[in-house]
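Report on one structure; see the data block that follows.
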Amino acid sequence: MSKVYKFPDGFLWGSATSAHQVEGGLLNDWTEWEKENAENLTKEAKNKNTKWQQEKFPEMFDPKNYISGKTADHYRLYEKDFDILKDLGQKVFRLSIEWSRIEPEEGKFDQKEIEHYKKVILALKKRKIEPFVTLWHWSFPLWVSKIGGFENKEIIKYFTRYTEKMAEALPEVKFWITLNEPEVYASHSYLRGNWTPQKKSYLSYRKVIRNLVSAHKEAYTVLKKRIPSSKVCVAKHNVYFEAYKNKVVNKILKYFADSWWNDWFLKKVKGYQDILSLNNYHHNRINYGFNKNANKKVSDMAWELYPESLALAAWELKKYNLPIYITEHGLADADDSRREKFIKFSLACLHRAIERGADVRGYLYWSLLDNFEWDKGFWPRFGLVEVDFKTQKRTVRPSAFEYAEICKNNTLKI
Ligand code: BGC
């Protein structure tokens with residue numbers, strides 16, 4: 001017998017993207033870094049991926065895999081992509097504005113590019129799709145990376161000025177995400193040193209994360225002044241940390257992991273968010289400092305598929321007393337063999353959390369389209385819609401039609 005889960009009225013269903021990953025034709029710090037690092041990334045693919053991944057995705061041994069180039073050409077094809085969105089019954093779409101298009105040189109704003117994003121927003125509104133706009137999803141204009149990006153305090157004033165420009169240009173946008181996953185960026189780029197600018201310095205990391213906090217607060221203030229009814233937040237990457245077997249040591253470790261990864265940034269920006277934006281991909285079962293995930297099922301990126309994670313991560317945000325939107329959740333699944341079940345089981349858990357009192361108002365799957373996955377390149381396929389990167393042909397995956405039924409009926413049936 002099938003089970004029926006009805007979601008609250010007005011629940012927003014949709015999907016998410018980011019400019020660098022889908023637009024194509026960019027010139028920013030990442031495009032430069034990709035050119036310099038494609039060969040290295042190709043060589044490292046052997047050590048970074050398991051044997052089955054290497055066999056399934058031989059593209060990872062081709063340096064071209066690591067150059068974003070045209071990617072999904074969404075900059076040109078956005079109307080077509082939004083038609084697909086509409087057909088799939090989605091009511092909300094997350095996109096990011098590419099700062100390097102808007103302000104390619106310091107203080108010189110490109111009116112044509114501002115117009116482009118106005119048209120993009122209009123194209124969504126015309127289809128009755130509500131935009132969620134991210135102002136910074138990890139990429140910089142070259143002049144910003146030259147001055148040190150978020151390591152340099154000066155960026156706060158530049159980011160605020162750019163935010164003001166966009167708020168002025170897009171007054172009809174209600175949902176604003178200032179920064180995408182600040183701590184993911186800061187830790188990859190300044191602690192682990194595997195993303196541009198590839199530093200490994202705790203001091204730099206601290207500087208970056210503190211400047212990100214200030215940049216968010218300033219941007220929040222500007223947005224609220226310009227568009228008082230807007231809902232502003234940071235997209236927060238939270239992991240569900242589980243204390244294995246509830247052992248005391250594991251509980252203590254969970255406490256520290258939560259405080260550092262999940263709560264630190266949110267506490268720093270307290271009073272400067274109207275809603276919470278949760279991105280969740282990971283569950284980490286802690287056992288004496290080691291990860292003890294069962295990994296019964298994994299995605300193509302070898303990430304554990306643990307459907308309970310999303311609801312548990314959302315539940316843990318209850319203490320902030322703000323409405324929650326899931327702004328990213330998904331998996332790389334090139335043959336679409338696990339996506340439908342993973343979405344449905346995750347949503348069933350989420351529904352239970354909502355019934356118990358978690359104030360979750362929307363769910364945006366990552367991602368609408370196959371896209372360019374940062375230092376991994378093109379082989380991880382997150383899309384509800386498959387993209388042939390040579391011809392730009394879009395093919396809606398079977399799981400997307402299943403997800404569309406949920407979006408259209410505001411109801412999940414399993
Ligand atoms: C990022 C996306 C990325 C996704 C999958 C998120 O942390 O915001 O840009 O594609 O994870 O790795």
Side-chain angles (χ1 to χ4, degrees), residues 14-24 26 28-31 33-34 41 48-49 53 57 60 65-66 68 71-72 74 93-99 132-140 177-189 191-192 194-196 209 212 216 233-240 261-262 265 276-284 298-306 309-310 313 325-334 338-339 342-343 346 363-387 389:
S15 55
T17 56
S18 90
H20 185 77
Q21 296 176 269
V22 293
E23 281 189 355
L26 291 170
N28 60 27
D29 58 332
W30 277 88
T31 57
W33 183 79
E34 288 159 17
L41 293 169
K48 285 189 178 163
N49 298 287
Q53 287 173 302
F57 303 105
M60 67 174 69
N65 171 65
Y66 300 96
S68 55
T71 176
H74 176 72
F93 182 64
R94 179 176 169 212
L95 64 124
S96 75
I97 308 265
E98 178 61 32
W99 189 359
F132 258 71
V133 171
T134 310
L135 285 162
W136 179 73
H137 199 122
W138 299 345
S139 50
F140 291 130
I177 295 173
T178 55
L179 309 169
N180 182 63
E181 301 182 353
E183 62 297 286
V184 172
Y185 169 79
S187 60
H188 275 290
S189 294
L191 278 184
R192 297 166 68 170
N194 55 347
W195 289 359
T196 173
I209 203 93
L212 282 158
H216 168 74
C233 59
V234 165
K236 188 64 187 68
H237 179 284
N238 274 17
V239 173
Y240 174 62
W261 189 259
N262 290 338
F265 204 94
L276 293 176
S277 149
L278 168 65
N279 294 355
N280 175 257
Y281 294 91
H282 301 291
H283 156 239
N284 185 343
V298 296
S299 73
D300 288 343
M301 287 174 87
W303 295 356
E304 186 194 33
L305 298 177
Y306 187 73
S309 171
L310 178 67
Y325 291 84
I326 312 300
T327 45
E328 282 188 37
H329 176 255
L331 72 161
D333 180 21
R338 293 147 286 179
R339 190 172 282 105
F342 183 61
I343 294 177
S346 301
Y363 173 88
L364 285 77
Y365 175 83
W366 181 273
S367 174
L368 174 67
L369 303 169
D370 283 342
N371 57 43
F372 181 75
E373 178 61 25
W374 307 107
D375 60 335
K376 304 280 180 307
F378 286 110
W379 63 264
R381 302 283 185 146
F382 277 88
L384 290 168
V385 178
E386 180 187 340
V387 176
F389 293 108

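Numbering of residues begins at 1 and proceeds along the displayed sequence. One-based numbering, in listed order, for ligands and for the atoms of each.
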Side-chain (R94) to main-chain (S15) donor-acceptor, under 3.5 angstrom: no

Ligand 1 contacted by V184 (non-hydrogen, < 4.0 Å): no

side-chain hydrogen bond (donor to acceptor under 3.5 Å, both in side chains) partner of E183, the single match among H188, H237, K236: K236

Ring centroid separation F132 to F93 under 6.0 Å: no

Contact check, W303 vs ligand 1, heavy-atom distance below 4.0 Å: yes

Heteroatom distance test (W138, ligand 1): nitrogen or oxygen, under 3.5 angstrom: no

Aromatic ring proximity, centroids under 6.0 angstrom, W261 and F265: no

Name of the residue among R381, K376, R338 meeting side-chain hydrogen bond (donor to acceptor under 3.5 Å, both in side chains) with D300: R338

Under 3.5 Å: N/O of N279 near N/O of ligand 1: no

Atoms in ligand 1 flagged as close to E373, the criterion being non-hydrogen separation under 4.0 Å: 3 (C), 5 (C), 10 (O), 12 (O)

The one among E328, H20, Q21, H188 that brings a heavy atom closest to atom 9 (O) of ligand 1: Q21

Min heavy-atom dist K376 to ligand 1 below 4.0 Å: no

Derivation of the ring-ring contact (aromatic ring centres under 6.0 Å, His included) call for Y185 and W136: CA-CA 11 Å; Y185 169 79; W136 179 73; 4.8 Å; yes

S18 N/O under 3.5 Å from ligand 1 N/O: no

Main-chain N/O of N238 paired to Y281 side chain as donor or acceptor, under 3.5 Å: no

Subset of ligand 1 atoms that lie under 4.0 Å from at least one heavy atom of N180: 8 (O)

Ligand 1 N/O within reach of E181 N/O, cut-off under 3.5 Å: yes

S189 side chain to A186 backbone, donor-acceptor under 3.5 Å: no

Protein heavy-atom partner closest to atom 4 (C) of ligand 1 - residue, atom, separation in Å: Y281 OH, 3.4 Å

Element-labelled atoms of ligand 1 that are located less than 4.0 Å from some non-hydrogen atom of H137: 1 (C), 2 (C), 8 (O), 9 (O)

